[in-house]
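Scope of the values below: all heavy atoms of this structure, side chains included, with no hydrogens, waters or symmetry mates. The chains referred to below are lettered A, B, ... by the order of the sequence lines, with proteins before strands, and numbering in each begins at 1.
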Amino acid sequence: MTEVVLGINGISKAYGALQANNDITLDLRAGEIHALIGPNGAGKSTFIKQVSGAEQPDQGAVTLLGDDITPLGAVARAQKGLGRTFQISSLAMEYTVLQNVVLGAMGRRGRVMRFFAPVLKDAALLNAAMRALERVGLQDVAHVETAVLSHGQRRQLEVAVALTLEPKVFLMDEPMAGLGAEGSQDLIRVLDALRHEAPILLVEHDMDAVFALADRISVLVYGQIIATGAPEDIRHNADVRTAYLGDDA
Amino acid sequence: MRRETFVNIAALAALFVLPVWANATGETYWVTLTTKVVILAIAGVGLNLALGLGGLVSFGHAAFFGVGGYVMGILASHLQDYVPLLTWPFLFEGSNQMPVIWLVALVFGALTALSIGLLSLRTSGVYFIMITLAFGQMLFYFAISWPAYGGEDGLSIYVRNEFPGLNTLVPIEFYGLCLTVLVAVLFLVWRISLSSFGLALGAARQNAERLQAVGIEPFRIRLTAFVISGAITALAGAMYADLNRFVSPNMFSWQTSGEIMVFVILGGVGRLFGPVLGAALFILMEHILGGMSEFWHIYLGFVLLGVVLFARGGLMGLLAGREVSHD
């Protein structure tokens, strides 16, 4: 059986009386894209927060390559190899595209507490940054201020920053959100190639992208996983059709 | 050449030329006034590192300014009064040597900033402003109630401290020394702004969540910036005390914190030479308008209002335009 890279073992989270996540168990194996889908309010964002380390689960555990990373915060999880993108682009808007990507390369290499050498003359960081930009097709706008990028370019930049981290796992929170058909297709190609570098846990609403990319799909409804399986199994699962996909899927 | 670089060079040239001209024409008062500008600019550059680059709106930087001042006052007064500062574990009679005083001021400024930063940087926004203000005021009242060093009357030092190879009592020589320190501090902050640390600090201001996602802890970055900022401001405090040969609790007051912040805002938040322009404009207004009316702060208020409402980049923004990211 393929190695489990990321393990989510029975995590639960409640906000007062609201049980946002209830005993969620799923895993992510080497070389795969595992998509998590579900209707609005299903608890996907809560789930992402617990996996990324932004919040701690009330119970359950998160493991990365067998190590329990549950007590770790977002910074330590990123250092351990969890590369994430955000549902709403979360970038340093005043910086250029290149500066945003160099930031990721700095974090990956631990080259942060350097006070005198100009960071944009560090060949190792620049090379890593430019490679990541070329992967997503943003090399031509490397010196453009991030604030003036289109929405689609910002989504691509999110992926490029995650790439510079050379993560063991990609955690992608709706990377297709707001993209047009062409933008989605471009990003699908990028993600498809990425799975061989690190598996991807993909939280996504775009069903075309999910069914084009995912090796396995888990469906989250009212905080609980109601089904996990191959895309075709999920497409024909009666519970999933009732709760989320509908009869047209 | 970028417009801002041109303005920076022009400002630096003015700081070189004007006092030399004033000295040559016997107008030593202007040399002393420019010395004040330069020293206060150092304090502003210190704050600008935290405020401009890091987005840390510290309303308590007078704490570090005062610590620097009192370091100078305490070290020099013990030597002046022939009362040893330490008799155990070794005899230390104090010092009238600026390099020693500056080093101690830098260390104490950094330690004070570390203590304040460790607590205050766990908050943000208005809470951070209030906590830094509270720390500044705590030190202000501590200085008032410290009779050994003058209490609310402050502490006078009768002879300006010494610097090897210079006669610091000659205004133009002391000015040259202060200008050298300002240039060194500007160079340091410029290099920091281009470095890995500077990039991370700017990202901490813009989007801390992004910084965390790439495995960099914003708290550590902010704390380091706050400590460097505090140390620079303490150095300015020690020099300011030497300029006036007087230290008082007012150096710790919230008005002093406000004035340092005004230098930064007037000149241009986050712009390298912003605090230099801001301090120059402030002191010039104080000198010219202060001579006409004791209520000159009203006019300063109007200028500040104008800058905040119509020139967000401060004086530097007016002269050099909006800061655009470049790499």
Chain B contact residues among residues 53-61 of chain A, heavy-atom distance under 4.5 Å: none
Expected output: side-chain Asn207(B) to main-chain Leu91(A) donor-acceptor under 3.5 Å: yes
Any donor-acceptor N/O pair, Ser196(B) side chain to Val119(A) backbone, under 3.5 Å: no
Nearest-0.5 Å distance, OG of residue Ser195(B) to CE of residue Met113(A): 9.5 Å
Nearest heavy-atom neighbours spanning Ala117(A) and Arg191(B): CA-NH2, 4.3 Å
Criterion side chain to side chain contact (heavy atoms under 4.5 Å, CB included) on Arg210(B) and Glu158(A), from CA distance to verdict: CA-CA 10 Å; Arg210(B) 162 48 60 198; Glu158(A) 285 261 344; 3.2 Å; yes
Tyr127(B), OH atom: more than 12 neighbouring heavy atoms under 6.0 Å: no
Residue part contacting chain A, namely of Thr224(B), when any heavy atom lies under 4.5 Å: side chain
Heavy-atom pair with the smallest gap, counting every atom of Leu199(B) and Tyr95(A): O-OH, 2.7 Å
Under 4.5 Å from any heavy atom of chain A - which part of Gln206(B): side chain
Which atom of Leu103(A) lies closest to which atom of Ile216(B), heavy atoms considered: O-CD1, 4.1 Å
Proximal to chain B - members of residues 70-77 of chain A, heavy-atom separation under 4.5 Å: Ala74(A), Val75(A)
Exceeds 12 heavy-atom contacts within 6.0 angstrom, atom CZ of Phe108(B): no
Greater than 12 external heavy atoms within 6.0 Å of Arg109(A)'s CZ: yes
Chain B interface, residue from Ser90(A), Ala92(A), Gly110(A) that has the most non-hydrogen pairs under 4.5 Å: Ser90(A)
Nearest heavy atoms of Ala78(A) and Ala213(B), plus distance in Å: CB-O, 3.4 Å
Residues Leu120(A), Leu194(B); criterion side chain to side chain contact (heavy atoms under 4.5 Å, CB included); working and verdict: CA-CA 8 Å; Leu120(A) 296 177; Leu194(B) 299 176; over 6 Å; no
Per-residue contact mode, Val112(A) against chain B (heavy atom under 4.5 angstrom): both
Nearest-0.5 Å distance that lies between atom CD in Glu217(B) and atom CD in Gln79(A): 8.5 Å
